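What follows is one structure encoded as structure tokens, with my remarks underneath.
So you know, we letter chains A, B, ... as the sequences are listed, proteins then strands, and number each from 1. A quick note: this is a predicted structure, and the numbers were derived from the prediction, not measured.
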Number of protein chains: 2
Amino acid sequence: MPNWKLTLAYDGTGFHGWQVQPGHLTIQGELAAAIERVTGESVLPQGSGRTDAGVHALAQVASFELAAPIPPSNLHRALNRALPSSIRVLSAEHAQPDFHARHSVLAKTYEYRIFRGEICPPWLARYVYALNWPLEVEKMQLAAALVTGEHDFTSFAAADPDLSTRQSGPAAPPNNVRTIYSSSWTEEESLLIYTVRGNGFLHHMVRNLIGTFIDAGREHIAPEDVQTILERRSRPAAGPTAPARGLFLYSVEY
Amino acid sequence: MPNWKLTLAYDGTGFHGWQVQPGHLTIQGELAAAIERVTGESVLPQGSGRTDAGVHALAQVASFELAAPIPPSNLHRALNRALPSSIRVLSAEHAQPDFHARHSVLAKTYEYRIFRGEICPPWLARYVYALNWPLEVEKMQLAAALVTGEHDFTSFAAADPDLSTRQSGPAAPPNNVRTIYSSSWTEEESLLIYTVRGNGFLHHMVRNLIGTFIDAGREHIAPEDVQTILERRSRPAAGPTAPARGLFLYSVEY
């Protein structure tokens with residue numbers, strides 16, 4: 001059966017995350033329903049990883065097989081007609097038979113957006129963490145740099161053991177060790193944007209990193225403490241989980 | 001009692017418009033509740049005019065009197081803490097005793113945004129009318145220019161007689177005659193933006209103008225037909241009502 005690769009953008013605000021859950025609106029569920037409406041086939045599209053409730057995607061990737069032969073541009077247009085405007089198919093293409101949106105991941109990039117202005121415009125509120133405290137951005141930058149390289153990120157993983165490794169891909173070893181290729185903050189007008197690229201991410205990992213970097217920016221911890229927090233391998237050692245609404249899955253590399 | 005003037009921005013998506021309605025979430029209702037929570041006083045803030053369900057505001061103005069003496073910056077901050085993030089107070093200031101947000105209006109400006117790209121990003125979908133048809137922008141421009149000046153806008157007013165004049169202010173005569181000072185389209189990347197400034201607007205007037213200008217852009221009517229449509233003074237003569245989500249109350253002048 002022809003294998004498909006879709007690239008999707010979505011506003012996660014109104015959804016209970018990526019993964020189908022009975023009785024809840026989810027991205028995977030809406031996409032499966034749209035595929036069935038368009039092709040008559042019942043498939044469960046596999047994502048590059050789950051995103052939590054409220055987390056957005058600029059380019060999530062999903063794969064699935066379809067029996068029906070259908071030109072990519074037709075599937076693309078038909079899915080966008082069938083989907084709500086909060087989910088858009090950016091591209092639809094045929095993929096190699098062994099392509100799998102999750103298993104084939106080489107690297108992923110996430111972005112987290114903090115709004116620093118005094119009054120957050122209503123149209124930004126769903127897509128940023130509005131934080132009006134004084135923040136020492138240089139200290140957040142130092143803290144962010146310390147997580148690059150290969151580390152055991154247990155301290156930054158959701159405490160729920162069932163969930164802690166659920167965002168991992170086979171590109172990462174079957175434990176809490178991940179490799180972060182880049183991790184840094186940039187300032188753009190009223191936004192403070194964190195960009196992190198790595199071979200895999202644990203559940204809540206980016207949001208827990210953000211909470212910890214904010215602790216460094218507020219000078220509740222020293223930037224160097226990130227080193228100790230990593231070594232402790234204990235969730236309570238790190239900072240709080242930052243809100244989902246500032247987080248975007250930015251891109252997935254294969 | 002001290003008179004107050006607030007300037008507000010809001011995302012109208014989740015609201016049943018400006019005006020309080022029992023059992024519905026409205027901007028005026030949320031603002032009244034926030035004022036009461038902050039000051040203990042029960043007042044009904046008066047807006048510069050009603051906005052319909054789904055219509056947004058970059059700078060709506062509201063006025064009300066409060067007995068309690070409270071510094072403007074304190075009221076400003078406290079209201080933003082009490083309001084949902086979809087409504088923001090941009091400024092709070094003392095006003096002259098005779099200032100009234102609706103009665104004192106000299107001119108208002110509205111903006112309407114059409115998204116012209118092939119795939120509308122999910123974070124824009126609530127704030128634009130995504131329209132992928134070919135449009136002759138020059139013809140829309142010609143049509144838009146024809147409504148400047150003083151005209152009877154009955155053809156562009158909601159057919160409901162009870163509602164047709166509800167957006168008027170005393171700056172405009174008590175009928176369907178309004179003066180439009182400027183009316184034009186601009187192109188900005190994937191957006192086609194209509195800006196209209198006038199002494200008053202009838203209910204649905206901007207959205208009905210947009211529906212008619214789109215008819216001109218699709219060449220279903222000639223731009224010059226706008227003249228005839230105005231002369232007919234009959235709602236069915238004009239085009240359809242464009243969706244609320246593309247409309248922003250841009251500014252109010254006093």
For residues 240-254 of chain A, dump all side-chain donor-acceptor pairs below 3.5 Å to protein atoms at least two apart in sequence or in another chain.
unit_1	atom_1	unit_2	atom_2	d
A/T241	OG1	A/N208	OD1	2.7
A/T241	OG1	A/R235	NH2	3.2
A/R245	NE	A/V128	O	3.2
A/E253	OE1	A/R197	NH2	3.0
A/E253	OE2	A/R197	NE	2.7
A/Y254	OH	A/A101	O	2.7

Which of [range] get closer than 4.5 angstrom to chain A, counting heavy atoms alone?
range	result
residues 54-70 of chain B	B/H56, B/A57, B/L58
residues 30-42 of chain B	none
residues 112-125 of chain B	B/I119, B/C120, B/P122, B/W123, B/A125

- Heavy-atom contact with chain A under 4.5 Å, split by part of B/R126: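 The side chain, not the backbone.
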